Amino acid sequence: MKTLEKWAVTLSLNPREILENRICVIVNYLSKCYPNGYWKLLEMDATGSLGNQLTHSLNKSQIVTLSFLELLRVLKEEGQVIDLDISFIYREQELIKILVQDGVSVDILGRGEILPIKILGDYQKVDINLFLWNEKNTQDELTKDAVIIRKSQGNTMATNVLEKIDLRQLGEQLQQARKQRGMTQAEAAKVIDVAYTTLVAIEKGERRLKSSELIKLARAYGRAVSEFVQSTPVAEPFDIQFRTAYRRSEEDEALIKPTILEFEQLCRNYLELEKMLDAPLSKNYPQEYNVEEMLLESAAESIANAERQRLGLGDRPILRLRGILEQEVGLRIFYLKMPSKSKCSVIYSYNQQFGGCLAINADHPKERQIWSLADGYLHFLAHRRKPVIDYDEQYQRMPESERLAEAFSKYFLMPTSSLRRQFYDIYRAHDKFTLTNLLTLAYYYGVSVQALSYRLQEMELIPSGTWGRLRDRGLNVKNVKNEQQKLGLKEIPRSRYRDLTPIHYQHLAIEAFDQGLITEGKFAKFLGVNRLKARRMAEDLRKELSGMSEENMKIDLLQWT
């Protein structure tokens with residue numbers, strides 16, 4: 001079959017339109033035009049039972065083929081397709097690729113004549129160069145990995161890298177990759193056809209791998225071989241630290257464990273980028289606050305006021321707390337999707353190499369995320385070396401460390417002097433304080449109406465029990481958002497995939513990518529997105545940094561006169 005011209009579109013979906021129904025129309029049309037074709041599934045994240053089964057199948061085989069009927073069953077089942085990367089194959093040529101991101105965006109890539117408008121519906125044309133659908137990226141990844149191992153360096157074959165590599169470090173990396181993939185040691189042993197005890201020895205650094213074994217394990221773990229043979233910083237693993245702090249059921253631990261491993265890997269990636277580019281994260285850490293022999297409320301307000309003064313915040317609302325903690329304090333902050341059943345809001349850890357690290361639940365409302373940031377920051381300030389996993393409704397009786405974190409958050413986000421002044425300014429202007437005023441003030445401070453209500457009650461500015469009465473009258477999170485929007489207060493957007501990693505981390509990653517220090521696949525892994533999103537992020541990051549040459553970036557501005 002001759003090479004056909006490529007095209008790409010993004011579907012324009014009505015907010016009430018069901019995304020899966022739109023894709024079904026396209027799939028049905030192709031089934032009539034090309035009845036002998038089939039679908040090659042490369043990536044899927046779906047909430048339906050069939051979608052879940054396919055996701056598990058992909059974890060084992062990397063690619064799954066589907067008939068038209070099988071694909072339509074997945075699309076029509078109860079549930080939602082969140083992420084999808086699937087290609088339609090006809091006569092061994094890829095004719096159509098369908099990409100779904102975050103359950104809201106659908107991109108269609110094609111070869112030859114574009115599909116009829118009655119089939120696609122409303123759409124916008126997209127630059128084909130945004131998509132990785134070209135011949136140079138279709139080379140078999142296994143062959144690429146083998147080349148990495150066999151690449152010659154002078155007269156010495158690079159297979160010698162496995163003879164010189166630190167086996168203990170390699171074993172630790174393989175163990176972490178296996179755990180993140182959700183595989184047991186017995187399953188990994190079958191991949192390379194060795195005994196279970198041999199795999200244990202490999203992970204302990206007591207047995208040297210063959211190049212063919214490393215290639216097979218890397219493929220099974222969804223990693224590139226280069227990730228294991230390149231030198232990366234060695235740091236104390238998070239899972240050892242968290243065992244001492246984690247006191248929940250085995251089921252709860254199983255739910256959150258993959259998130260902890262993902263969090264740890266991202267922090268390792270951060271260290272690797274810093275080392276690669278010789279650009280360590282700037283840290284402005286205060287001494288750990290001593291709260292012994294202090295009343296809890298007094299300690300919380302004292303620390304909150306001291307930190308506001310240290311960071312030059314005064315008593316005004318904090319509009320960009322995450323940016324301040326990342327850029328002015330030097331914390332590593334990642335937003336991660338966490339299992340809904342776990343009810344986890346924030347994970348905090350610290351060690352000498354990583355420094356202070358926070359993982360925030362990416363699915364929580366923005367106001368809850370801001371509160372979680374403040375909560376995690378208190379653990380860094382007052383309980384620095386004690387790792388913490390915070391859950392909603394976790395305690396029957398909240399321990400003192402958590403009560404301190406809650407108290408700190410309210411004082412840090414809603415300082416007494418500022419809040420009292422704002423309240424009385426409103427009261428004097430209107431001779432009353434209404435629900436409208438409450439909604440506006442909550443938006444102003446970036447907190448929930450519930451948190452603000454409790455704070456005002458505590459300060460005896462509104463009657464005790466006000467929040468309970470509002471709730472009994474039907475006020476809930478959805479109503480609050482609707483009412484705030486009616487007042488012209490735009491909803492604070494949830495975190496997008498661009499927000500999931502720190503901006504400094506993103507800048508380091510694009511610099512390493514553009515310098516050829518990491519591959520595009522590794523760039524995507526570092527950012528925790530698929531290759532399409534990584535390509536888009538790369539374009540956005542380059543635009544942000546455009547015009548700033550390396551020479552310009554190194555100019556000493558203090559020398560300008």
Side-chain angles (χ1 to χ4, degrees), residues 42-43 56-64 136-237 239-240 258 261-262 264-265 268-269 271-273 275-276 512 516-526 531:
L42 301 173
E43 182 179 344
H56 290 309
S57 297
L58 283 170
N59 288 339
K60 295 178 181 178
S61 63
Q62 311 255 314
I63 295 175
V64 173
K136 71 178 182 179
N137 292 299
T138 58
Q139 181 183 357
D140 182 76
E141 291 291 338
L142 187 57
T143 303
K144 289 182 184 178
D145 290 341
V147 169
I148 291 171
I149 294 293
R150 301 191 189 102
K151 192 188 297 176
S152 63
Q153 297 175 341
N155 295 324
T156 306
M157 296 300 289
T159 46
N160 290 341
V161 74
L162 291 181
E163 297 172 11
K164 298 176 181 178
I165 200 166
D166 184 324
L167 293 183
R168 188 170 181 177
Q169 179 179 340
L170 176 60
E172 287 179 1
Q173 291 174 314
L174 288 168
Q175 184 185 61
Q176 289 160 12
R178 174 180 59 76
K179 288 180 177 179
Q180 286 181 313
R181 196 66 168 179
M183 293 177 65
T184 65
Q185 289 178 315
E187 290 171 336
K190 289 180 181 179
V191 169
I192 56 175
D193 195 24
V194 298
Y196 165 80
T197 52
T198 302
L199 196 283
V200 173
I202 288 171
E203 292 189 349
K204 288 182 177 179
E206 297 172 353
R207 194 271 208 183
R208 194 174 298 278
L209 278 118
K210 301 173 185 176
S211 59
S212 59
E213 291 173 336
L214 179 57
I215 291 170
K216 289 177 181 178
L217 286 177
R219 290 290 289 169
Y221 299 158
R223 303 288 189 88
V225 170
S226 57
E227 293 186 40
F228 298 104
V229 299
Q230 291 174 351
S231 176
T232 56
V234 179
E236 184 181 355
D239 55 344
I240 294 174
L261 290 170
E262 181 186 2
E264 175 187 6
Q265 186 58 53
R268 287 179 180 276
N269 294 344
L271 279 180
E272 184 178 349
L273 286 169
K275 181 179 178 181
M276 194 182 294
L517 299 174
I518 60 175
T519 64
E520 186 170 58
K522 194 163 187 177
F523 175 72
K525 284 183 180 294
F526 276 9
R531 290 199 174 199

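Nothing here was measured: the structure is a model prediction, and the numbers come from that model.
- In this structure, CG on Leu273 lies 10.0 Å from CZ on Phe523, to the nearest 0.5 angstrom.
- Across every non-hydrogen atom of Ala220 and Met183, the tightest pair is O-SD, 4.0 Å.
- The CD atom of Glu172 lies 8.0 Å from the CG atom of Asp166; values are rounded to the nearest 0.5 Å.
- Here the closest non-hydrogen pair linking Arg178 and Ala188 is CD-CB, 3.8 Å.
- What you find for Gln185 and Leu199 is that their closest heavy atoms are O-CG, 3.7 Å.
- Using a 4.5 Å heavy-atom threshold, the side chains of Leu217 and Leu209 count as touching.
- For the pair Ile202 and Ile192, the minimum side-chain heavy-atom distance is below 4.5 Å.
- Of the charged side-chain nitrogens involved, at least one lies within less than 4.0 Å of a carboxylate oxygen, so that Lys522 and Glu272 count as a salt-bridged pair.
- In this structure the side chain of Leu170 reaches within 4.5 angstrom of the side chain of Leu174, judged on heavy atoms.
- The backbone N or O of Val200 sits nowhere less than 3.5 Å from a side-chain atom of Glu203 that would complete a donor-acceptor pair.
- The minimum heavy-atom distance linking Ala189 with Ala195 is given by the pair CB-O, 3.9 Å.
- Counting only distance, with no hydrogens or angles, the side chain of Glu187 and the backbone of Thr184 share a donor-acceptor pair below 3.5 Å.
- Taking both residues in full, the closest heavy atoms of Asn269 and Lys525 are given as ND2-O, 4.4 Å, listed atom of the first, atom of the second, then distance.
- Side-chain atoms of Arg207 do not come within 3.5 Å of backbone N or O of Ala201 as any donor-acceptor pair.
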(Q) For Gln265 and Arg268: C-alpha separation, side-chain torsions, deciding distance, then whether side-chain contact (heavy atoms from CB on, under 4.5 Å) applies. (A) CA-CA 5 Å; Gln265 186 58 53; Arg268 287 179 180 276; 4.2 Å; yes
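- Distance CG/Leu271 to CE/Met276: 11.5 Å, rounded to 0.5 Å.
- The structure places CD of Gln175 at 4.0 Å from NZ of Lys179, a figure rounded to the nearest 0.5 Å.
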